[in-house]
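Down below is the structure, laid out as structure tokens.
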There are 2 protein chains.
Amino acid sequence: MEGALKKIRSSGGRITKARRGLIRVFEEADKPLSVKEIRRSLGEIGVKTSMTTVYREINFMVKNGLVKEVNLYPEEKMYESAYLVHHHHLVCEKCGRVEGVGGCRLAEIEQEMYRKRGFRVTRHSLEFYGLCVECNQGVGLMT
Amino acid sequence: MEGALKKIRSSGGRITKARRGLIRVFEEADKPLSVKEIRRSLGEIGVKTSMTTVYREINFMVKNGLVKEVNLYPEEKMYESAYLVHHHHLVCEKCGRVEGVGGCRLAEIEQEMYRKRGFRVTRHSLEFYGLCVECNQGVGLMT
DNA sequence: ATCTTTGCAAATCCTTTGCAAGGTT
DNA sequence: AACCTTGCAAAGGATTTGCAAAGAT
């Protein structure tokens, strides 16, 4: 929260209800959110805003490094806090649940990209799709 | 080409100029294409069509397993042939070039997701972003 | 001949922008 | 007081849909 407020101030921005609300929404979110979900979440904590403001403020927060875009679905942009530690996503294609997983092991592969192809990797995006524990119950079991 | 035509027929579809053209475009593409690029590529091989048809036929081809959606940028859907062998993408953030890389080593990690969390991974999407060989020239060198 | 595909125009949906009013510093 | 942010209405784009004409089998 503090770091976020500081970034806003140092970019010449003001601390408004919408921004406080957004910071809180992203702090409390346990998965990436779509623009609509963000607006709904704001509403749930008593911050009423227009879609216009949500769009504008999300862009502001992305530009200032408070929030990151996440590429889960080709249909819809999702956003999550930029303060989360690096992780990947497990997306259940049945119920839609999204979990984060830490323990990234791509560093070695990235170095190899540089050695073998001269491509200097600065970031990556990795998502797994499938069935979560609950949706997977009984699938493939011989009963 | 043959496999593709067969899939179209077996889904009750007809072999039209647009579809032949699309199959050729995807066979010859060396990177994922946006809807606009697809239309342009069609034009270049002499297949004039409307945007409407491009949208409709791409969706048809995705639904019938000829083409896959690729999640390179949150801004824009991209498409590539579903007949390519599994690969990931290297996206240069300076010049926009996109290369494919084979040699996926995520199988073990996927098994671990199942053992440790019960999540059954069926597919994944991995893209690397950074600077390609050419754009990387001289960067970081002490001259 | 029958059923599918095409392209236009219109409809929809999502996102951005201009601007006057209100909020923050 | 100066400057930033908000929300409305309107504009701009992208994608989808209805429908009559053209095309494929």
Side-chain angles (χ1 to χ4, degrees), chain A residues 1-2 4-26 32-43 45-64 66-67 69-79, chain B residues 1-2 4-25 32-43 45-64 66-79:
Chain A
M1 185 76 169
E2 284 323 306
L5 294 176
K6 192 174 292 181
K7 277 192 185 174
I8 292 175
R9 288 200 194 89
S10 68
S11 75
R14 312 215 156 152
I15 310 302
T16 65
K17 271 182 206 162
R19 285 183 186 153
R20 275 186 196 284
L22 282 165
I23 293 170
R24 191 171 147 203
V25 163
F26 281 108
L33 303 172
S34 69
V35 186
K36 277 185 188 171
E37 288 169 335
I38 291 167
R39 173 140 111 138
R40 187 178 328 126
S41 301
L42 282 173
I45 60 171
V47 180
K48 268 188 69 82
T49 52
S50 64
M51 245 357 201
T52 303
T53 294
V54 175
Y55 279 115
R56 255 188 308 226
E57 292 309 321
I58 290 293
N59 289 340
F60 174 90
M61 293 178 86
V62 170
K63 192 167 51 176
N64 289 291
L66 304 182
V67 163
E69 292 179 345
V70 187
N71 240 323
L72 292 190
Y73 316 104
E75 287 67 33
E76 196 170 28
K77 277 194 201 179
M78 308 288 276
Y79 301 90
Chain B
M1 184 77 169
E2 285 321 307
L5 294 176
K6 192 173 292 182
K7 277 192 185 174
I8 292 175
R9 288 200 194 89
S10 68
S11 75
R14 312 213 158 154
I15 309 302
T16 65
K17 270 181 207 162
R19 284 182 186 156
R20 274 186 197 286
L22 282 166
I23 292 170
R24 193 173 145 203
V25 162
L33 303 172
S34 69
V35 186
K36 278 185 186 170
E37 288 169 336
I38 291 166
R39 174 141 111 136
R40 187 178 329 125
S41 302
L42 282 173
I45 61 171
V47 180
K48 269 188 69 80
T49 52
S50 64
M51 245 356 201
T52 302
T53 295
V54 175
Y55 279 115
R56 253 186 311 224
E57 292 310 320
I58 290 293
N59 289 338
F60 174 89
M61 293 179 86
V62 169
K63 192 167 50 176
N64 290 291
L66 304 181
V67 163
K68 282 182 181 168
E69 292 180 344
V70 187
N71 241 327
L72 293 192
Y73 315 104
E75 286 68 31
E76 195 170 28
K77 277 193 201 182
M78 308 288 276
Y79 301 90

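Below, chain A is the first sequence line, B the second, and so on; all start at residue 1.
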* To do: Check salt bridge (charged side-chain N to carboxylate O under 4.0 Å, His left out) between B:K68 and all other residues, then give those that pass, not counting sequence neighbours.
  => none
* Asked: Counting only non-hydrogen atoms, which of residues 35-43 of chain A are less than 4.0 Å from DNA chain D?
  -> none
* In whole angstrom, what separates B:F60's CZ from C:dT4's P? -> 11 Å
* Selection residues 33-43 of chain B - residue pairs positive for salt bridge (Lys or Arg N to Asp or Glu O under 4.0 Å), sequence neighbours left out -> B:K31-B:E37
* Asked: How long is the line joining CD1 of B:I8 and P of D:dT25, in whole Å?
  -> 10 Å
* Between the main-chain N or O of A:R14 and the side-chain N or O of A:R19, is there a donor-acceptor pair closer than 3.5 Å? -> yes
* To do: Hey, could you give me the CG/CG distance between B:L33 and B:L22, rounded to the nearest 0.5 Å?
  => 10.0 Å
* Assign a letter to each nucleotide of nucleotides 16-25 of chain C from its 5' end: B, base within under 4.0 Å of a protein heavy atom; S, sugar-phosphate only; -, no contact. => BBB----BBS
* **Partners passing salt bridge (charged side-chain N to carboxylate O under 4.0 Å, His left out) against A:R24 (at least two apart in sequence or in another chain)** => A:E28
* Asked: Rounding to a whole Å, what distance do you find between B:E57:CD and C:dT4:P?
  -> 13 Å
* Asked: In whole Å, what is the span from the CD1 atom of A:I58 to the P atom of D:dT6?
  -> 12 Å
* **Closest-nucleotide 5' rank along DNA chain C - winner of B:G12 and B:S50** => B:G12
* Structure fact -> Looking only at heavy atoms, the pair that brings B:I8 and B:F60 closest together is CG1-CE2, 4.1 Å
* Asked: Does the side chain of A:E76 reach to within under 4.5 Å of the side chain of A:V35, using non-hydrogen atoms?
  -> no
* To do: Taking side-chain contact (heavy atoms from CB on, under 4.5 Å) as the test, write out the residues that go with A:S50, two or more places apart.
  => A:T52, A:T53
* Take atom CZ of B:R20 and atom C1' of C:dT5, then tell me their distance rounded to the nearest Å. => 15 Å
